[in-house]
Amino acid sequence: HAHINLVGGVWLFLAGLFYNAHPQISKRLVTIHYGLAVIGLLVFIPGIWGAQINAPWFGPVVGIGSVLSAAQLVMFTVLVFIGTGKKAAA
């Protein structure tokens, strides 16, 4: 599925560029973000495969992978705001 390239490749590439440009961001938070992204992707890919073969277990697997992937995207967004000093509009 083409979205796997976006989530697994492009987002992590952009995150790496951002973290390199903003070294003040906590290494612990960067590691947590990376872990969420990798685990989410590693769970999501078999779920997509399971959906293609109509496996009975694909729903929860895709759901867990999707939630982890969404969590890493939200975390990255928060870290961008922290790293750039910009505050979200209230």
Side-chain angles (χ1 to χ4, degrees):
H1 193 76
H3 290 98
I4 292 172
N5 293 330
L6 179 62
V7 173
V10 176
W11 273 110
L12 282 179
F13 175 74
L14 292 174
L17 288 175
F18 178 79
Y19 293 141
N20 189 51
H22 297 277
Q24 74 276 15
I25 297 177
S26 163
K27 300 291 184 221
R28 181 173 170 261
L29 292 176
V30 171
T31 302
I32 292 169
H33 170 240
Y34 176 74
L36 278 174
V38 169
I39 292 169
L41 192 62
L42 290 176
V43 172
F44 188 67
I45 290 172
I48 293 294
W49 175 73
Q52 291 176 345
I53 64 167
N54 267 343
W57 48 262
F58 86 89
V61 175
V62 169
I64 292 167
S66 297
V67 167
L68 290 172
S69 295
Q72 67 92 12
L73 289 172
V74 170
M75 183 175 188
F76 180 61
T77 302
V78 170
L79 291 175
V80 167
F81 280 107
I82 290 171
T84 59
K86 297 198 172 29
K87 296 186 181 181

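The shown structure was predicted, so the numbers you read here are calculated from the model rather than taken from an experiment.
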Next on the checklist: Restricting to non-hydrogen atoms, name the atom on F58 and the atom on G47 that form the minimum distance, rounded to 0.1 Å.
Outcome noted: CB-O, 3.6 Å

Checklist entry - How close do V62 and I48 get, heavy atom to heavy atom, and via which atoms? => result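 Answer, listing the atom of V62 first, then I48: CG2-N, 3.8 Å.
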
Please examine the side chains of [Y] and [X], heavy atoms only from C-beta on, and report whether any two atoms are closer than 4.5 Å.
X   : Y   : result
L79 : Y19 : yes
L29 : M75 : yes
T84 : F18 : yes

Next on the checklist: Keeping Q72 on the side-chain end and Y34 on the backbone end, is there a donor-acceptor pair under 3.5 Å?
Outcome noted: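 Absent.
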
Checklist entry - Relative to the ring of F76, is the ring of H33 parallel (under 30°), tilted (30 to 60°) or perpendicular (over 60°)? => result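 Correct class here is parallel.
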
Checklist entry - How long is the gap from CG on L12 to CG on L17, to the nearest 0.5 Å? => result 11.0 Å

Checklist entry - Out of curiosity, I39 CD1 to S69 OG, how far, rounded to the nearest 0.5 Å? => result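 Those atoms lie 10.5 Å apart.
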
Next on the checklist: L36 and side-chain contact (heavy atoms from CB on, under 4.5 Å): which single residue from V67, V74, L68, L41 fits?
Outcome noted: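 Testing L36 for a side-chain contact (heavy atoms from CB on, under 4.5 Å) against V67, V74, L68, L41 leaves exactly one candidate, L68.
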
